[in-house]
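Sequence lines set the chain letters: A, B, ... in the order given, protein chains first and strands last, and positions in each chain run from 1.
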Amino acid sequence: MTSSVLMQAIISGILVGGVYALIGVGLTIIFGVMRVINFAHGDLMMVGMYLTYFLFTQLGIDPFVSVIITIPTMFIFGGIIQKLFINRIIGSLPQNQILLTIGLGLIMSNSAMLAFTSDYKILTTSYSSSSFNIMGISISQPLALSFLITAVITLLLYWFFMKTDTGQAIRATAQDREAAQLMGINVKRMSIIAFGLGASLAGTAGALISPTYYIFPQVGSAFTLKAFVITVLGGMGSIVGATLGGIIIGVVESVGAVTISSDWKDVLVFSIFLLVLLIKPAGLMGKSST
Amino acid sequence: MFKQIAVVATVLALTIPGVSQASRVKLGFINTITGAEAPIGENLTNGAMMAVEDLKKKGIEVELVKEDDTGKPEKALSAFEKLATRDNVAGVVGPYTSACANAVASQADKYKVPQLIPAAAKEEITQKGFKYVFRLNAPADVYSSVIMDAIMTQGKPQTIAYVYANTDFGISTVKTAQSYAAKLGIREVANEKYQKGAPDFRSTLSKIKSLNPDLIFMVSYEVDAITLMRQSKEIGVSPKAFLGAGAGFTTAQFLAQKEISDHVFSSTQWTDDVNWPGAADFGKRYKAKFGKEPTYHAACAYEALRIMGETAAANAGDRDKTRAGLKNGSWKGIMGDVKFVEYEKFTNQNRHEMLVQQIQAGKYETVFPPKYATKKAIYPFVRK
Amino acid sequence: MKPLSLITGNTRGFSIPSLIIGIVLLGALFCFPSFVQSPYALHMMILLFLSTIMGESWNIIGGYTGQYSVGHAAYYGAGAYGTLVLLQKWEIPPWYGMWAGMAVAVLLSLIIGSICFRLRGPYFVLASIAVAEIVRITVLNTPAVTNGAEGILLSDLPPFKIGGTVITDFVSKVPFYYISLLLAIFTIVVTWLLQNSKLGYYVQAIREDQDAAHSLGISLSLYKSIALAISAALTSLAGSFYAIYIKFIDPSTVLSLDLSVQIVLIAIIGGIGTIYGPLIGALVLVPLSEALRSNVIAQGLINCGVVREDSGVGIFLKEHLAHAHVLIYGILVVIVILFMPDGVLGFVKKKSRDWGLGTGKGLDR
C-alpha cells in the first residue's frame with residue numbers, strides 16, 4: 001500500500017468523522033443531563049434527513065442552507081418528545097428507559113414508512129460527487145463543507161455551555177441533578193433544552209450527510225450504534241470527548257478498511273470501544289468515575 | 001387463551017377447502033412489506049398488484065391474500081402456514097428474500113401447495129428436489145456469468161477487482177464470478193467485502209485505484225451502488241469497465257444519477273426494451289401507475305403472479321392440478337419464454353435468460369445477448 | 001412486590017388451587033396436538049414456547065441479577081451455529097450438537113462476563129451490545145466454519161431416538177411442539193429452582209445493591225458469572241431449537257441486535273424478576289405480533305360488520321394496517337413502559353390488589 005492511499009484514508013476518515021462527531025455530541029448531551037441512553041437517536045437523525053429532503057425537493061433549499069431550518073425544527077421536536085415521554089421515565093429503571101426509546105424509535109421509523117413509503121430517497125445536488133485535489137489527495141466537496149459546519153456548531157456549543165447562564169445550568173444539572181434543583185435550577189426545563197439540543201444535533205448530522213448518502217425509514221439504526229461507540233469513547237457527557245471520539249472512529253474505520261480489511265473494521269471499532277470501557281471507563285475525556 | 005386457540009383451530013380444521021369457479025381463485029402472496037428489505041419488497045407488491053388487475057381483464061378474479069414476512073424466516077413460515085391451512089389458497093407467490101423463500105420451500109411440499117418464487121436468488125432453493133417449489137428468476141450464478149460473457153465479447157481485460165456487500169447474494173455472486181474469471185485468465189487484484197449501508201468507501205476505492213484493475217465487479221443492494229459510484233468519481237477510479245451484478249445497479253434511482261451512472265454495465269433479469277411480449281407495455285403502464293421506472297423485481301413478481309393466477313384458474317384452484325399445470329405448462333410474456341425444467345442440479349427451475357444492460361446517455365440499453373441487444377456496448381469506460 | 005419479601009418471605013410450598021390449575025394447564029398443553037392438527041396453530045404455540053424460553057433465560061440475568069444484557073443474541077447464535085455447524089461439517093446429530101452449542105455459549109458467557117461485569121448500569125448495556133456485535137461480525141467473516149453471510153441451510157435431519165421410539169418425521173410439527181414445550185417447562189423449572197436457592201438469594205441481593213451485597217461477602221463476579229452462564233446456556237437451547245426447526249440460519253437472523261432487543265422485550269413487557277413474567281410477555285407478544293402481521297384485526301372489524309370492506313375506512317385498514325404493524329407494536333411498547341412500568345404481570349397484580357381481588361398469590365411466585 002502506498003502512502004498516498006494511507007493519506008487519502010486518513011483525510012476522508014477525519015471528514016466523515018466530523019459528521020459522526022455531531023451525532024455523538026447530541027447523544028452525549030442527552031445522556032449527560034438525563035442519564036438516559038437514547039436508542040432513538042438514529043431515528044431523530046432520520047427525521048432530520050427527511051426534513052432536509054423535502055426542503056430540497058419541494059422548496060429547492062440547499063441541504064447546507066436548510067440546516068438553519070432543521071436546527072430549530074428538530075429542537076422543538078426533541079423538546080416535545082422529552083416533555084411527553086422521556087420526562088416520565090427519568091430516574092426509573094434503566095431497562096425501561098432503554099425500551100421506551102426503542103419504542104419511540106420504532107414509532108418514528110414506521111410513521112416515516114407510512115408517510116413516505118419505504119423507498120430510498122436520494123438527494124442529488126450538483127456537488128454530490130464533486131471533489132477537489134490537494135497534492136494528489138481528493139477531498140469530497142460536500143464532506144469538506146459539512147466538516148466546516150460541524151466545526152462551527154461544536155465551537156458554538158462549547159461557547160454556549162461555558163459562557164451562557166443556561167449552558168452552565170445544564171452543566172450543573174448534568175453534574176448533580178438534585179443539587180442543581182436545590183440551587184433553584186429548573187431541572188425539567190434544562191432536560192427539555194438538553195433533549196432539544198440532542199435532537200437538533202442529530203437532525204443536523206442527518207442534513208449534512210444527506211447530499212452524499214441516502215434516506216429511508218430504517219436508516220437510523222446503524223447510526224445509533226455508532227453514536228453509542230463514539231459517546232462512550234469520548235466519555236459520556238463530554239462534548240469535546242464526543243467530537244474527538246467521532247473523528248477517531250471515522251479514521252479507524254477508514255484506515256482499518258485499507259490496512260486490515262473492510263469486513264473486519266467494525267470489529268476493530270468495537271474492540272477499541274471495549275478497551276476504552278475497561279481501561280478508562282469514564283472515556284477519553286471523562287472526569288467522573290464509572 | 002389456549003382454549004380459544006383450540007376452538008378457532010378446530011373450526012379452521014373443519015373448513016372445507018374453498019370451492020372455486022374457473023374464474024375465481026384465491027392466491028397467497030408473501031413479501032417483505034416492513035423491515036430492512038422493504039424498499040425492494042415494494043417493487044414486488046406493485047408488480048403483483050398490476051398482475052391482479054391484468055388477470056381481472058382476462059376474466060380471472062384473483063383474491064390475493066397478502067402476507068408480510070418482515071424479512072424473517074420464522075414469520076414467513078407463519079405466513080405460509082396461515083395461507084396453506086387457514087386461507088386455503090390454491091398457490092403461493094413469494095417470498096422475496098432467499099432466507100424466507102427457503103424456509104417456506106420445505107413446507108410447500110408438505111402441504112402440497114404450489115409455490116412460485118419470483119425473485120429470490122439463492123441457488124440451493126431449487127436444488128433440493130421439492131416437487132411443489134418453482135422458481136421464475138435465474139439463480140445467483142447467472143448474474144455473474146452473463147456479465148462476464150458480455151464483457152469478453154468487448155475486449156481482453158487482464159485484471160479484476162471485486163467490491164461487494166457482505167451478504168448472501170454478494171458472496172455467492174462473487175464466488176461464481178471468481179471461478180469464471182479464473183477460467184478466462186483474468187487476474188484478481190482486490191477482493192473487498194463491505195457492510196451493507198456503509199457511508200464511506202473512499203479509502204477502499206483509493207486502494208483499488210492504486211491497483212489499477214481493468215474491471216471492477218460490484219455487487220450492491222439498492223443505494224450502496226450510488227454511494228460507491230459517487231465516491232469512485234470523487235476518487236477518480238477509472239477502470240475499463242464497471243460491472244454491476246443486478247440489484248442496486250438496475251434501479252431507476254441509479255439511472256437518475258446521470259453524472260456517475262453512465263456507461264456502467266449491469267446484469268438484470270429484465271429490461272423494458274427487450275423484445276419479450278408486453279415488456280415495453282408493462283414498463284409504460286407501470287410508470288404511469290406508480291410514477292417510477294419498474295425494476296426487474298416488479299417484472300418478476302408480475303409474471304410470477306400472472307402465471308400462478310392463470311394456472312390456478314385453469315385448474316379450478318385445485319392444488320395438485322395447479323402443480324401439474326406449472327410443471328407441464330409453458331408461457332410467453334414479459335419475462336420471455338417460461339418453462340420449469342430440470343437441469344444440472346436444479347428442479348422446477350425456469351432457465352431464464354439474463355440480460356446485460358449498459359447505461360448510455362441516461363438510458364438503460366440492452367447490450368447482451370446479441371439477439372436482444374438494442375445498442376452496441378461502449379467499451380472501454382470513459383468518464384465524462 | 002417488595003424485594004425483601006422475595007428474599008425472606010418466600011414460601012417453598014404451592015397453594016393447592018394453584019397446583020391444580022398448573023396440573024390442568026400442563027395436561028391441556030400435552031394433549032393439545034391430539035385435538036388440534038392445524039399446523040398454523042401448532043406453529044404459533046411453538047413460537048410461543050420459543051419466546052418463553054428466550055424471555056425466561058434472559059430473566060435470570062436481567063430480572064433476577066439486575067444485569068441488563070442487550071447482547072443475548074450472541075448466546076442464541078452460539079446455540080444455533082454450534083448445532084448446525086457440527087451437523088453440517090461432521091454430521092453430528094443436533095441432539096448432541098446442541099450440547100456443544102451450549103458449551104460454546106457458556107464459554108462465551110464467561111469471556112463476555114469477565115469483560116462486561118466490571119461495568120455497571122448503562123456501560124454494561126453498551127458493552128453487552130458491543131460484544132454481541134463482535135460475535136456477529138466474526139461469524140459473518142469466518143465463512144470456512146460458519147458459511148458466513150450465506151448462512152447454513154439444513155436439508156435433512158437424522159432420526160431422533162428416545163428409548164424405543166424413533167422419530168424421523170420432522171416435517172410434522174408435533175415433535176417440535178413437544179420438544180419446545182419440554183424446553184419451556186425446563187427453563188421455568190430452572191428459574192424456580194434458582195429463585196429458591198442460595199444462588200438465587202445472592203443474585204437478587206446483587207440486583208438490589210451491588211455494594212451492600214459485596215460488603216456482605218457475596219462475590220459479585222462469581223455469582224454474576226454463574227447467573228449469566230445459566231442464562232446463556234438456556235438461551236443457546238432456544239437458538240439450537242430455532243435452527244433445527246426453521247432449518248436455516250444466518251448472522252442476520254440469529255445474531256442480530258434486533259433479536260437481542262426482542263429477547264429483552266419479552267421479559268420486560270411481561271414483568272421481570274418473576275417466574276411467570278416472561279411467560280406472560282410471550283403470551284402477549286407472540287399472538288399480538290402475529291395478529292398485527294397477518295392483519296386479522298382489520299379483517300375482523302370488517303367481518304364483524306364494524307367497518308364495511310368497500311368503504312373508505314375498510315380499504316384504508318386493509319391496505320395500511322398491514323404496513324403499520326410495527327408502528328402499533330412500537331406504540332404498545334411505549335404504553336407498557338409508561339403505564340405499566342412493572343410489566344403486564346406487575347400491572348395486573350397491582351390492579352387486582354387495588355380492586356381487592358385477593359393478593360394474586362397464585363401468580364406471586
Side-chain angles (χ1 to χ4, degrees), chain A residues 31 35-37 39-40 43 84-85 87-89 92-114 117-118 217-218 221-222 224-225 228-229 231-232 236 261-275 277-279 281-283 290, chain C residues 62-63 66-70 112 114-116 118-127 129-138 140-142 148-149 256-258 261-262 264-265 267-269 272 320-321 323-343:
Chain A
F31 180 82
R35 305 280 152 198
V36 170
I37 310 178
F39 271 77
D43 297 292
L84 287 182
F85 302 104
N87 214 9
R88 296 163 187 260
I89 50 136
S92 84
L93 296 167
Q95 80 272 18
N96 284 6
Q97 298 176 340
I98 293 169
L99 281 199
L100 180 76
T101 54
I102 288 174
L104 288 174
L106 283 179
I107 293 174
M108 280 188 246
S109 58
N110 283 280
S111 303
M113 198 185 90
L114 277 188
T117 77
S118 48
Q218 278 87 19
S221 52
T224 306
L225 208 58
F228 290 159
V229 174
T231 313
V232 170
M236 289 225 194
S261 78
S262 36
D263 37 347
W264 286 103
K265 70 176 187 195
D266 286 335
V267 169
L268 192 65
V269 169
F270 286 119
S271 306
I272 292 177
F273 168 81
L274 284 174
L275 248 123
L277 268 181
L278 291 177
I279 297 166
T290 54
Chain C
Q67 307 298 310
Y68 307 109
S69 155
V70 190
I112 291 177
S114 68
I115 299 171
C116 298
R118 297 156 183 240
L119 305 161
R120 291 188 184 180
Y123 295 100
F124 176 80
V125 173
L126 294 177
I129 294 176
V131 179
E133 279 295 291
I134 291 178
V135 172
R136 182 182 69 83
I137 299 166
T138 307
L140 195 61
N141 291 329
T142 42
S256 67
L257 177 58
D258 275 357
V261 170
Q262 202 195 324
V264 182
L265 264 179
I268 294 186
I269 295 267
I272 61 172
H320 290 282
L321 210 59
H323 296 242
H325 64 91
V326 191
L327 175 65
I328 297 171
Y329 196 83
I331 293 174
L332 282 170
V333 169
V334 170
I335 289 175
V336 167
I337 299 296
L338 288 184
F339 301 107
M340 311 174 188
D342 298 319

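- Contacts with chain C were tallied for A:Leu100, A:Val267, A:Val269, A:Ile98; A:Leu100 has the most, counting heavy-atom pairs under 4.5 Å.
- Considering C:Ile134, C:Leu126, C:Leu119 in turn, C:Ile134 is the only one that fulfils the side chain to side chain contact (heavy atoms under 4.5 Å, CB included) rule with A:Leu274.
- Within the 4.5 angstrom heavy-atom criterion, only side-chain atoms of A:Val232, from C-beta onward, approach chain C.
- If you take CG on A:Asp266 and CD on C:Glu133, they are separated by 8.0 Å, rounding to the nearest 0.5 Å.
- In terms of heavy-atom pairs under 4.5 angstrom with chain A, the leader among C:Gly66, C:Gly343, C:Gly330, C:Pro341 is C:Gly330.
- Chain C forms the most heavy-atom pairs under 4.5 Å with one residue out of A:Leu106, A:Thr101, A:Asn96, A:Val36, and that residue is A:Asn96.
- With chain A as the partner, the residue from C:Ile137, C:Ile269, C:Val333, C:Leu257 showing the most heavy-atom pairs under 4.5 Å is C:Ile137.
- For A:Leu277, the parts lying under 4.5 angstrom from a heavy atom of chain C are both the backbone and the side chain.
- Of the two parts of A:Phe85, the backbone and the side chain both hold a non-hydrogen atom closer than 4.5 Å to a non-hydrogen atom of chain C.
- Using a 4.5 Å cut-off between heavy atoms, A:Ser271 touches chain C through backbone and side chain atoms alike.
- Of all heavy-atom pairs between A:Gly103 and C:Val334, the closest is C-CG2, 3.8 Å.
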Would A:Ile107 and C:Leu327 satisfy side chain to side chain contact (heavy atoms under 4.5 Å, CB included), going step by step from the backbone distance to the final call? CA-CA 5 Å; A:Ile107 293 174; C:Leu327 175 65; 3.8 Å; yes
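- Contact of the A:Asp263 side chain with the C:Leu140 side chain is not registered, since no non-hydrogen atoms from C-beta on lie closer than 4.5 Å.
- Here C:Thr138 contributes atom OG1 and A:Phe270 contributes atom CZ; the two are 11.0 Å apart, rounded to the nearest 0.5 Å.
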